[in-house]
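First listed ligand is number 1; within each ligand, the first listed atom is number 1. Keep in mind that the numbers below use all heavy atoms, side chains included, and drop hydrogens, waters and symmetry copies.
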Amino acid sequence: MDDLGFHDALAMLDWQIELGADEAIVDTPIDRFGLAEQAPSAPAAQMAPAPRAAQPMAHATLPPEAALTINAVALAQEASAAAQDLAGLKAAVAGFAHCPLRDTAVQLVFADGLPGARVMIVGEAPGREEEQQGKPFVGQAGQLLDKMLEAIGLDRAATDPAHAVYIANVVPWRPPQNRKPTPEELAMMAPFMRRHIALAAPDLVVLMGNAACEALLGQTGITRLRGEWVTLDTCPALPMLHPAYLFRRPQDKALAWADLLSLKARLRGLS
Ligand code: URA
């Protein structure tokens, strides 16, 4: 490492940022490989698994994490159903203490754009810029999203519902190091997003990427799902390639363009 030149060091930093390691958590580096060599081997008693906490009868055959998730999903369903408007829903999300991401995030990122817009975009989770600004899709992927929307006459800053969009993420807190939300986190936040869609009442929903499809349709495989309209509760929904994916695979921008045209045609058909 000492011999690393400037350009190699910069390339390694870029690579780490790409992987999501974009924040220093201590002032001096820790050599984890060195620590592993020094660590005494753990005595057998320490290695034994911790005794299991008693599980509710209904979940007796499930591992503890699954039972906890089921409880969290039920609690999320209850809390979201009680919300009568978007302000109430925002308060319910903010008060939902069962998602571990709430504890590590700097702030809640609830939504941006115009509630009541004809189109609602549902993304995955906020990243660093989104968390800083408290708004979804404002970083690099968000800027590409804005351009994609602009190409079909939509704008998150518009004030008339026909040209406006409303934007939110299934997971409203930034996962540490921008890791992907776990299936459990998606499952427990999905009831809030379903209620969010019901209260915002768009004509059409765009499911941006795999996480939104997994949470709301129970399906993954965005390259297969994209471009095919589905019904989400009562609302037509279009799975699309996430703008972050398009940065990795710019050759797929033509597919995204086809989906944008499909969205535009559907909006025309509704007006
Ligand atoms: N990606 C998302 O899915 N949502 C954001 O808000 C930003 C990036």
Q: Under 3.5 Å between any N/O of P136 and any N/O of ligand 1: does that happen in this structure?
A: no
Q: Note the single closest protein heavy atom to atom 7 (C) of ligand 1, along with its residue, its atom name and the distance in Å.
A: E130 OE2, 3.2 Å
Q: In residues 254-270, what donor-acceptor pairs under 3.5 Å come from side-chain atoms, sequence neighbours left out?
A:
| from | atom 1 | to | atom 2 | distance (Å) |
| --- | --- | --- | --- | --- |
| D259 | OD1 | R226 | NH2 | 2.8 |
| D259 | OD2 | R226 | NE | 2.9 |
| S262 | OG | W229 | NE1 | 2.8 |

Q: Does A125 approach ligand 1 within less than 4.0 angstrom via side chain, backbone, both or neither, non-hydrogen atoms only?
A: backbone
Q: Is it true that a side-chain atom of N169 and a backbone atom of P172 form a donor plus acceptor pair closer than 3.5 Å?
A: no
Q: In terms of residue, atom name and distance, what is the protein heavy atom nearest to atom 4 (N) of ligand 1?
A: N169 OD1, 2.8 Å
Q: Could you go through H242 and F247, starting from their C-alpha distance and side-chain angles, then the distance that decides it, and tell me whether this counts as ring pair (Phe, Tyr, Trp, His ring centres under 6.0 Å)?
A: CA-CA 9 Å; H242 194 287; F247 277 110; 9.6 Å; no
Q: Of all the atoms in ligand 1, which lie at a distance below 4.0 Å from a heavy atom belonging to G123?
A: 3 (O)
Q: Measure H242 to ligand 1 on non-hydrogen atoms and call it side chain, backbone, both or neither using the 4.0 Å cut-off.
A: side chain
Q: Are L216 and F96 in one and the same hydrophobic cluster, where Ile, Leu, Val, Met, Phe, Trp and Tyr link if side-chain heavy atoms are under 4.5 Å apart?
A: yes
Q: Measure E124 to ligand 1 on non-hydrogen atoms and call it side chain, backbone, both or neither using the 4.0 Å cut-off.
A: both
Q: Any Lys/Arg nitrogen of E185 or R179 sitting under 4.0 Å from an Asp/Glu carboxylate oxygen of the other?
A: yes
Q: What pairs meet the side-chain hydrogen bond (donor to acceptor under 3.5 Å, both in side chains) rule with one or both residues in residues 101-120, with sequence neighbours excluded?
A: D112-R156, R118-D203
